[in-house]
*Asks:* 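Pasting a structure here, questions to come.
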Amino acid sequence: MIRTRFAPSPTGYLHVGGIRTALFAWLVAKQTKGIFVLRLEDTDKNREVEGSAQHLIDSLNILGLKYDEGPDVGGDFGPYKQSDRLDIYKKWANKLIEDGRAYADPYSTQEVQLFREQAQKNKLPFLYRNHRPDKPPKWDGTQPLRFKSDPKVHKWHDEVMGDLSTGPEVIDDFILIKTDGYPTYNFAHIVDDHEMAITHIIRGQEFISSVPNYLNLYEALEIKPPIMATVPHILGAEGNKKLGKRDGAKDVLDYIRDGYLPEALVSFIATLGWNDGTEQEVFSRDELVKKFSLDRVQKSGARFDEQRLRWVNGSFIRAMDTDELYTLTADYWPKSASDAPEPYKQQVLGQIQERLKFLSEIPELTNFFFEDLPVNLDLISSHKQLKKLDKQELVNLLEQTLAALAESDFSIKDLNEKLNGLLEKSNQKPAVLFSLIRVATTWAQSSPALAESLNILGKDLTLNRINNSIEALR
RNA sequence: GGUCCCGUCGUCUAGUGGUUAGGAUAUCUGGUUCUCAUCCAGAAGAUCGCGGGUUCGAAUCCCGCCGGGAUCACCA
């Protein structure tokens, strides 16, 4: 039974980088009907951010990365919050002490800092074990507890990175338990993954250089290491640095709020560094579960390109039934639409669906259906066809339009007939006549096809707006 | 500085000794009786980081170099 976990620390919101490791872990579990576990790594109470645990949970849920075991849903391997597991770490720490593989750190933080600066000055990597005390005091909890490492060569396989190896020079005596009584990540995650029977550890690249140290500890603990997979970082839009909150890495919930579809987000994030070897570009969640494999995950970091995300999201939006899409749009309509009847909004949505990239674009794409936009003569003076006509000609054309449309029943079919008739009678090119009518009835930068737009607006509103436009032009 | 990882169109990528180096996106052009978008057609865009080697033949294998990244916390 495959068991994977996502083990974030509740220190802030979840951004795309975090989501991706969660997604990959979820996919690995789900494709074999395995178990996906959420574990909160809250061992640093200084960095803990109020409310972020709930935020993490909300983010996973909204993306559909449902976990089978976790702090709020329980499970047979709990507790799922590290701060509730302190006695478990104590138990394993005592085993190490008894085996002579852990000892109390007698130095003050200042003294250790001095060692570190010395090493830096000599351009050497800092190794605590070079200062390992001969006769450490008995550990009473007032000192950090350190791992007594056994420096050696480590070779291991990483599902993404392949075969890796390092020499003894990277192995050090890291801290297992801090003076506040909490374990470090380095210690806690190994104990927890073992106690929770985790089979695959999927984590970000920042941990790869620590893996040999973990391997060393696994040996001392006599625990068989799980399968490991290291996924590369997602890069920010500019530069080659890991995408971080500083570079505007957005909270995934911000994308949801902007009207990106969870399915689209999942597809996009999965294909950032993974593909199935075919030319398929977007994947449903089910396809991902079926086709995903760690060994096809890219070793190099991928750049987060919001433009591509917009395209993916647009393609999901276009593929949906308008009715289904409509159920997602409730929070996105412009204020002026609040009194508009549902069928009217639904019709409007049908017209803009194919140009919609994300839901919060709805107001700018639809506002003229719900309110009279201010007359903006720039739309005419900057139009490459319309600017050639003088005001009198424009007014004449609009008056002809008024007369013709007054006869129409405003069905799309009849509107098209009337508009075509107008075209012949006025002897104008569509680029002139239709542009003018479009502008005069919407005063918007862009709008759906003319007959369809007028059909939705209806006769009264259309004729009113043309009248108003004539007034404005005079 | 030590250690480890990475390096194919702007971007995401296909590619594991023989391909006109493929796709997608973005950009540009044309078409779809008007705009924006969709859709369709087309263009441009990659000396496969660089230099050696192995080979009849290398983006693919080997070596060196360069560039980028990660890490060297009582953070995870």
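Computed over heavy atoms, backbone and side chain alike; hydrogens, waters and symmetry mates excluded. Computed from a predicted structure; not experimentally measured. Just so it is clear: chains get the letters A, B, ... in the order the sequence lines come, proteins before strands, and each one is counted from 1.
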*Asks:* Look at all strands and tell whether A:A449 reaches a base, only sugar-phosphate, or nothing, counting heavy atoms closer than 4.0 Å.
*Replies:*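 Answer is base: heavy atoms of A:A449 come under 4.0 Å of a base.
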*Asks:* Expressed as a whole number of Å, how far does the P atom of B:C63 sit from that of B:A26?
*Replies:*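 My reading of the P atoms in B:C63 and B:A26 gives 41 Å.
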*Asks:* Counting side-chain heavy atoms from CB outward, which of B:G1, B:A70, B:C74 is closest to A:R146?
*Replies:*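 Of the options given, the side chain of A:R146 lies nearest B:C74.
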*Asks:* On the side chain of A:R303, is there an atom forming a donor-acceptor pair with the base of B:C12 - under 3.5 Å, no angle test?
*Replies:*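 It does not, because no donor-acceptor pair links the side chain of A:R303 to the base of B:C12 below 3.5 Å.
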*Asks:* Quick check for you: among B:A26, B:C5, B:C72, whose closest atom lies nearest to any side-chain atom of A:W311?
*Replies:*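 Shortest atom-to-atom distance from the side chain points to B:A26.
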*Asks:* Tell me what A:K429 touches on the nucleic acid: a base, only sugar-phosphate, or nothing, going by heavy atoms under 4.0 Å.
*Replies:*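 Since no nucleic acid heavy atom lies under 4.0 Å of A:K429, the category is nothing.
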*Asks:* In terms of side-chain heavy atoms of A:K123, which of B:G1, B:A76, B:U35 is nearest?
*Replies:*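 Looking only at heavy atoms from C-beta outward on A:K123, the closest nucleotide is B:G1.
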*Asks:* Phosphate oxygens OP1/OP2 of B:A76: is one of them under 4.0 Å from a side-chain N or O of A:T184?
*Replies:*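 No.
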*Asks:* Closer than 4.0 Å, any side-chain N/O of A:K299 to the OP1 or OP2 of B:C6?
*Replies:*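 Checking A:K299 against B:C6: at least one side-chain N or O falls below 4.0 Å of OP1 or OP2.
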*Asks:* What contact category does A:F174 fall into here, base, sugar-phosphate, or nothing, at under 4.0 angstrom with non-hydrogen atoms?
*Replies:*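 Nothing, no nucleic acid heavy atom in range.
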*Asks:* Distance check, C1' atoms only: B:A58 and B:U11, in whole angstrom units.
*Replies:*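 B:A58 and B:U11 have their C1' atoms separated by 27 Å.
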*Asks:* Select from A:E41 and A:D163 the residue whose nearest nucleotide in RNA chain B is closer to the 5' end of that strand.
*Replies:*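 In this pair, the answer is A:D163.
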*Asks:* Compare the minimum distances between each of B:C39, B:C36, B:U25 and the side chain of A:R318, then state the nucleotide with the smallest one.
*Replies:*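 That would be B:C39.
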*Asks:* If the P atom of B:C36 is compared with that of B:A70, how far apart are they to the nearest Å?
*Replies:*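 Approximately 42 Å lies between the P atom of B:C36 and that of B:A70.
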*Asks:* Would you mind classifying the nucleic acid contact of A:Q298 as base, sugar-phosphate or nothing, using non-hydrogen atoms under 4.0 angstrom?
*Replies:*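 Since only primed, P, OP1 and OP2 atoms lie under 4.0 Å of A:Q298, the category is sugar-phosphate.
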*Asks:* In terms of the nearest nucleotide of RNA chain B, which residue is placed more toward the 5' end: A:N275 or A:S165?
*Replies:*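 Residue closer to the 5' terminus by nearest nucleotide: A:S165.
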*Asks:* What does A:R310 touch in the nucleic acid at a heavy-atom separation under 4.0 angstrom: a base, only the sugar-phosphate, or nothing?
*Replies:*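 A:R310: no heavy atom of the nucleic acid under 4.0 Å.
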*Asks:* Looking at every strand, decide which applies to A:L164 at a 4.0 Å heavy-atom threshold: base, sugar-phosphate, or nothing.
*Replies:*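 It contacts sugar-phosphate atoms only.
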*Asks:* According to a strict under-4.0 Å criterion, is A:K178 in side-chain N/O contact with OP1 or OP2 of B:A73?
*Replies:*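 No, because none of the side-chain N or O atoms of A:K178 sits under 4.0 Å from OP1 or OP2 of B:A73.
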*Asks:* Just checking A:Q205: base, sugar-phosphate only, or nothing, at a heavy-atom cut-off of under 4.0 Å?
*Replies:*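 Sugar-phosphate contact only - A:Q205 comes under 4.0 Å of backbone atoms but never of a base.
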*Asks:* Could you work out which one of B:U35, B:C12, B:U11 sits closest to the side chain of A:L272?
*Replies:*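 So the nucleotide nearest the side chain must be B:C12.
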*Asks:* Can you tell which of B:C5, B:U35, B:A76 lies closest to the side chain of A:S447?
*Replies:*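 Nearest listed nucleotide: B:U35.
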*Asks:* So what does A:P8 hit on the nucleic acid, given a heavy-atom distance under 4.0 Å: a base, only sugar-phosphate, or nothing?
*Replies:*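 Result for A:P8 = nothing.
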*Asks:* Answer with base, sugar-phosphate or nothing: what part of the nucleic acid does A:T109 contact at a heavy-atom distance below 4.0 Å?
*Replies:*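 If one applies the 4.0 Å heavy-atom cut-off, A:T109 turns out to touch a base.
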*Asks:* Quick one: do A:K250 and A:D258 make a salt bridge, cutoff under 4.0 Å?
*Replies:*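 Here A:K250 pairs with A:D258 in a salt bridge, since their nearest N and O are under 4.0 Å apart.
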*Asks:* Could you check which of B:A76, B:U71, B:U33 has an atom nearest any side-chain atom of A:P430?
*Replies:*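 Ranking B:A76, B:U71, B:U33 by closest atom to the A:P430 side chain puts B:U33 first.
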*Asks:* Looking at every strand, decide which applies to A:T179 at a 4.0 Å heavy-atom threshold: base, sugar-phosphate, or nothing.
*Replies:*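 Answer is base: heavy atoms of A:T179 come under 4.0 Å of a base.
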*Asks:* Run the salt bridge (charged side-chain N to carboxylate O under 4.0 Å, His left out) test on A:K155 and A:D163 for me, step by step, so that the C-alpha distance in whole Å, both residues' side-chain angles and the decisive distance to 0.1 Å come before the verdict.
*Replies:* CA-CA 7 Å; A:K155 294 182 199 296; A:D163 291 322; over 6 Å; no
*Asks:* Taking atom P in both B:C65 and B:G2, compute the distance separating them and give it to the nearest angstrom.
*Replies:*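 Result for the P pair: 12 Å, nearest Å.
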*Asks:* Among the nucleotides B:G10, B:A76, B:C36, which one has an atom lying closest to any side-chain atom of A:R355?
*Replies:*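 Closest nucleotide among those given: B:C36.
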*Asks:* Between B:U55 and B:U47, how far apart are the P atoms? Round to whole Å, please.
*Replies:*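 Roughly 28 Å separates the two P atoms.
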*Asks:* Which part of the nucleic acid, if any, lies within contact of A:G273, taking any heavy atom under 4.0 Å across all strands shown: a base, the sugar-phosphate backbone alone, or nothing?
*Replies:*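 Sugar-phosphate: the residue A:G273, judged by heavy atoms under 4.0 Å, touches backbone atoms but no base.
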*Asks:* Report which part of the nucleic acid A:S446 touches: base, sugar-phosphate, or nothing (heavy-atom distance under 4.0 Å, all strands).
*Replies:*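 Here A:S446 touches the bases of the nucleic acid.
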*Asks:* Between B:C40 and B:C61, how far apart are the two P atoms, rounded to whole Å?
*Replies:*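 Their P atoms lie roughly 37 Å apart.
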*Asks:* Scan A:N46 against the nucleic acid and name what it touches under 4.0 Å (heavy atoms): base, sugar-phosphate only, or nothing.
*Replies:*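 The answer is nothing, as A:N46 stays clear of every strand by at least 4.0 Å.
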*Asks:* Hey, does the side-chain of A:D305 have a donor or acceptor N/O within less than 3.5 Å of a partner on the base of B:U25?
*Replies:*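 Answer is no: no donor-acceptor pair is held.
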*Asks:* The test is salt bridge (charged side-chain N to carboxylate O under 4.0 Å, His left out); show your working for A:E117 and A:K121 and say whether it passes.
*Replies:* CA-CA 6 Å; A:E117 282 163 14; A:K121 211 164 63 190; over 6 Å; no
*Asks:* Would you indicate, yes or no, if B:A24 has its OP1 or OP2 atom less than 4.0 angstrom from a side-chain nitrogen or oxygen of A:R308?
*Replies:*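 Answer is no, no contact under 4.0 Å.
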*Asks:* Of all the nucleotides listed (B:C34, B:G2, B:A70), which has the minimum atom distance to the side chain of A:F434?
*Replies:*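 Out of B:C34, B:G2, B:A70, the nucleotide with an atom closest to A:F434's side chain is B:C34.
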*Asks:* Determine the Euclidean distance between corresponding P atoms of B:C56 and B:G67; express it in Å to zero decimal places.
*Replies:*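 One P to the other, the span is 35 Å.
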*Asks:* With sequence neighbours excluded, tell me which residues meet salt bridge (charged side-chain N to carboxylate O under 4.0 Å, His left out) with A:E159.
*Replies:*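 Expected list: none.
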*Asks:* Is a donor from one side chain sitting under 3.5 angstrom from an acceptor on the other, for A:S447 and A:R438?
*Replies:*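 Their side chains do contain a donor-acceptor pair, which is all the 3.5 Å distance test asks for.
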*Asks:* List the steps and the verdict of side chain to side chain contact (heavy atoms under 4.5 Å, CB included) for A:V282 and A:T271.
*Replies:* CA-CA 8 Å; A:V282 297; A:T271 54; over 6 Å; no
*Asks:* For a quick check under 3.5 Å, do A:Q82 and A:H189 share a side-chain donor-acceptor pair by atom type?
*Replies:*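 No, no side-chain donor-acceptor pair sits under 3.5 Å.
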*Asks:* Just compare B:A73, B:U3, B:A24 and give me whichever is closest to any side-chain atom of A:V170.
*Replies:*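 Taking heavy atoms from C-beta onward, the closest nucleotide is B:U3.
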*Asks:* How close do A:L23 and A:V266 get, heavy atom to heavy atom, and via which atoms?
*Replies:*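 Closest approach of A:L23 to A:V266: CD2-O, 3.6 Å.
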*Asks:* Can you tell me, in whole Å, how much space there is between the P of B:G68 and that of B:U8?
*Replies:*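 Those two atoms are separated by 15 Å.
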